[in-house]
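See below for the structure under consideration.
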Amino acid sequence: MRRNLEAVAGVVCALALSGMVFSCRSSDVDTNGLAPRDAHAGQMASKAPSPQADTVLAPAARTTAPESSSPVASTREEHAPAPRAAAPPSGNPERLRSAMNNRLGAAGTAYGQGGLGLKGSGSGGGGIAALGGKSSGIAGIGTMGRGSGRPIGSSRPPGSDASSNQEGYRDHGVNPFVSTEKDRLSTFAADVDTASYTLARRKLKEGTLPPREAVRVEEMLNYFRYTYPTPTPEDGPFAVHLDAAPSPFTPGRHLLRVGVQGKRLSLSERKPAHLTFLVDVSGSMQSPDRLPLARRALRMLVDQLRDGDTVALVTYASAVRRVLPPTGMEHKARIHAAIEDLTAGGSTAMGSGIQLAYQEAMKTLDGESVSRVIILSDGDANVGSTSHKEILKTIRGHVKEGITVTTVGFGMGNYQDTMMEQLADQGNGNHHYVDSLMAARRIFVEQLGGTLEVIAKDVKLQVEFDPEQVSRYRLIGYENRDIADEDFRDDRVDAGELGSGHSVTALYELELKPGAGEGLATVRVRAKRPRGESASERVFPFRASALSSTFKQAPSDLRFATAVMGAAELLRRSPHAEKWSLDQVRDIARSATSADNEEREEFLALLGEAHHLLRDVAAR
């Protein structure tokens, strides 16, 4: 399938309304677009500094922190970000909405006809796209953000959660059915991110539906563990598993599962790890679910490291600070003390923080170890080099040197999901969201090998369907991982990374012709070695024995993956799932869940929460 890219032009504008004037500067807008994987990138909402904001130093200034009783005081240096012009004035959206009939909100959300959000989002009866924003319908303007509403003639209702406009989600749409006669190839990049499931879990536990844009089917699927066969030495770094069964949702259709399982490295096989923690300590990180939780997560990670590993620590707020240079595990107490000493306050100089983190990472870079920057943040940035273009350019440059990135998101309300996902994508790493200590333990303890060490990079999958057996198909999810078919063998095109023990799961919905079976699909996978520049390709044909005659006879993992996919399609209000039932999804999940599987039991509980919320929405 081909990716349709749209070029978004920047416009210089001045808006004056009720005596309030807002200006939009073309310098704030990336009119050149992003790399192919980031064609849908949005701009971030501006964030007002905390009242306790640190003083921003002049660009060339450098100040050594005063002596203190902290064990890390002597290693701290503050670096000021580049100066930035003042942000447009902002106001209280609630007060403005009540005072002005046409709902005008700065750095917030606006509703109704004429809704306008500047550096935020507007939601109205429709919209006009402007300045890199995305809007739809009548007079819903999104400036450096996103405006949304119901376009004329559309059956898609407005979003049910207004917070989605402030949390930086991107709507990548829903893949359509494709005629095999017209296009037999489906090509996409591997994805092992799991943030979408954790985000949805938090929303549901708080009693709200996740924004449809936050629901990415592939990240819901890839959160769960499946019993894929372990790769053999002959398989290399990964093995591919295929199975299929009739769909339980739509008579006459089938579901095809494509699973990739990476080999799990033993502790002795893992390379030494040189980690640089880049921690957002701005004022927005003060709440218990942000910096305090991040500190506990980092302590967990440090306790899993071994002799030969090192940790450096950099923070950013109004200014950036080198808290700890690369430090070995023989000084673990010093590392723990540095983490516990972190406090929040100030605005957010993410771009400058990333630059300093890479300076620290370069100190331990060699060809025999893992070098990774781990960013812990809510993803916001409002001081210094904050544009997507500049930050992503910095990260892409260092990937070529061998430094990868993991992003770990925290908090709600202003969480910038798209920004955090793109940082990880461009950094050849993975993107997670932490809503609890349980989530932190999963990432930094149970799956540490996959979090730290890449076993295959630029992993691309291409599924070829036989037109004689498959009339049409659709890939469920992976909308923002689409790759042009002709780029499959172009090794210059970036794709996804596979970590130690990681698995990738994709589901297709198919309409088969009579007699389908052997060879109905052929899967090709291309991947590079962790430090390689050229990819190798392997081919995996579909065997007739992998096609179950009924859904109940299908393997339990396929049935559970079907339930997860069904829930995701319902939560994102997919047009393909209009006649599907959450009760049916729950029955499928329950039948595929053993009594000792805690993560699947949790999923069943979340389905109960979602059932009540979706029912309430339907009643309205």
Side-chain angles (χ1 to χ4, degrees), residues 72 75-79 81 270-281 285 291 294-295 297-306 308-317 319-332 334-342 348-377 379 381 385 391-392 394-410 420 423-424 426-432 434 440 443-444 448 451-454 497 499 530:
V72 297
T75 66
R76 292 181 178 175
E77 293 184 10
E78 290 192 359
H79 300 253
R270 181 173 73 78
K271 296 177 182 178
H274 301 304
L275 309 181
T276 302
F277 300 154
L278 176 59
V279 185
D280 181 352
V281 294
M285 293 288 287
L291 184 57
R295 287 199 301 259
L298 288 178
R299 286 179 64 93
M300 281 185 189
L301 173 53
V302 170
D303 286 340
Q304 302 305 308
L305 299 179
R306 66 184 190 190
D309 298 335
T310 65
V311 165
L313 177 59
V314 172
T315 64
Y316 63 94
V320 297
R321 175 180 295 171
R322 177 187 294 110
V323 177
L324 197 67
T327 303
M329 290 303 104
E330 65 272 18
H331 301 294
K332 185 178 291 188
R334 186 183 183 193
I335 298 171
H336 279 311
I339 293 169
E340 287 302 310
D341 197 45
L342 300 178
T348 315
M350 175 182 277
S352 300
I354 288 175
Q355 292 172 2
L356 182 57
Y358 276 120
Q359 291 177 22
E360 294 302 301
M362 290 294 292
K363 294 177 180 179
T364 53
L365 183 65
D366 60 51
E368 304 301 323
S369 60
V370 173
S371 182
R372 185 172 289 261
V373 174
I374 299 179
I375 303 174
L376 299 93
S377 173
S385 178
I391 292 176
L392 296 179
T394 297
I395 289 177
R396 284 194 294 267
H398 286 288
V399 162
K400 297 176 182 178
E401 298 169 340
I403 303 173
T404 54
V405 171
T406 289
T407 57
V408 186
F410 295 85
M420 295 293 278
L423 291 175
Q426 294 300 311
N428 280 10
N430 33 54
H431 169 45
H432 305 284
V434 168
I443 298 166
F444 293 137
L448 180 64
T451 301
L452 297 184
E453 188 156 358
V454 173
E497 280 62 51

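None of these values were measured; they are calculated from a predicted model.
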Worksheet item: How many angstroms lie between atom CG of D309 and atom CG of L452, to the nearest 0.5 angstrom?
Response: 8.0 Å
Fill in: Spacing of CD belonging to Q359 relative to CD1 belonging to I354, to within rounding of 0.5 Å
12.5 Å
Worksheet entry | Any donor-acceptor N/O pair, S377 side chain to D280 backbone, under 3.5 Å | no
Worksheet item: Between V314 and E360, what is the shortest heavy-atom contact and its length?
Response: CG2-CG, 3.8 Å
Worksheet entry | Nearest non-hydrogen partners of T407 and A424, listed with the distance | OG1-CB, 3.5 Å
Fill in: Where I339 and R295 come nearest, the two heavy atoms and their spacing
O-CD, 3.0 Å
Discussion item. Nearest 0.5 Å, please: how far is CZ in F410 from CE in M420?
Written reply: 8.0 Å
Worksheet item: Under 3.5 Å, is there a donor-acceptor pair between the side chain of S371 and the main chain of L365?
Response: no
Worksheet entry | V302 side chain reached by F277 side chain, heavy atoms, under 4.5 Å | yes
Worksheet entry | Minimum heavy-atom distance between A338 and V323, given as atom pair plus value | CB-CG1, 4.1 Å
Discussion item. Show the nearest heavy-atom pair for residues S369 and P272, with the distance to one decimal.
Written reply: CB-O, 3.1 Å
Discussion item. Between R270 and E453, is the salt bridge (charged side-chain N to carboxylate O under 4.0 Å, His left out) condition met? List the steps.
Written reply: CA-CA 8 Å; R270 181 173 73 78; E453 188 156 358; 5.6 Å; no
Worksheet item: What distance do K271 atom NZ and E368 atom CD have between them, rounded to the nearest 0.5 Å?
Response: 7.0 Å
Worksheet item: Distance from I374 atom CD1 to L313 atom CG, nearest 0.5 Å?
Response: 11.5 Å
Worksheet entry | Exercise: do H274 and T310 side chains pair donor with acceptor under 3.5 Å | yes
Discussion item. For a 4.5 angstrom cut-off between non-hydrogen side-chain atoms, does H432 reach T406?
Written reply: yes
Worksheet entry | L448 CG to L305 CG distance, which is reported to the nearest 0.5 Å | 6.5 Å
Worksheet item: Shortest non-hydrogen contact from P326 to A312?
Response: N-CB, 3.7 Å
Worksheet entry | Derivation of the side-chain contact (heavy atoms from CB on, under 4.5 Å) call for D303 and K332 | CA-CA 8 Å; D303 286 340; K332 185 178 291 188; 3.8 Å; yes
Item to complete: Go through L392 and L423 one step at a time and tell me if the side-chain contact (heavy atoms from CB on, under 4.5 Å) criterion holds.
Response: CA-CA 6 Å; L392 296 179; L423 291 175; 4.0 Å; yes
Discussion item. Working note: T327 + V311, criterion side-chain contact (heavy atoms from CB on, under 4.5 Å); need CA distance, chi angles, decisive distance, verdict.
Written reply: CA-CA 5 Å; T327 303; V311 165; 5.5 Å; no
Worksheet entry | Check against side-chain contact (heavy atoms from CB on, under 4.5 Å), Y358 and I395 | CA-CA 9 Å; Y358 276 120; I395 289 177; 3.6 Å; yes
Worksheet item: With side chains defined as the heavy atoms from C-beta onward, is the minimum distance between T276 and K363 less than 4.5 Å?
Response: no
Item to complete: Could you check if a side-chain atom of T451 sits within less than 4.5 angstrom of a side-chain atom of L301, using non-hydrogen atoms only?
Response: no
Discussion item. Could you tell me if the side chain of L324 sits less than 4.5 Å from the side chain of R334, heavy atoms only?
Written reply: yes
Worksheet item: Okay, side chain of R322, backbone of L356: is any donor-acceptor separation there less than 3.5 Å?
Response: no
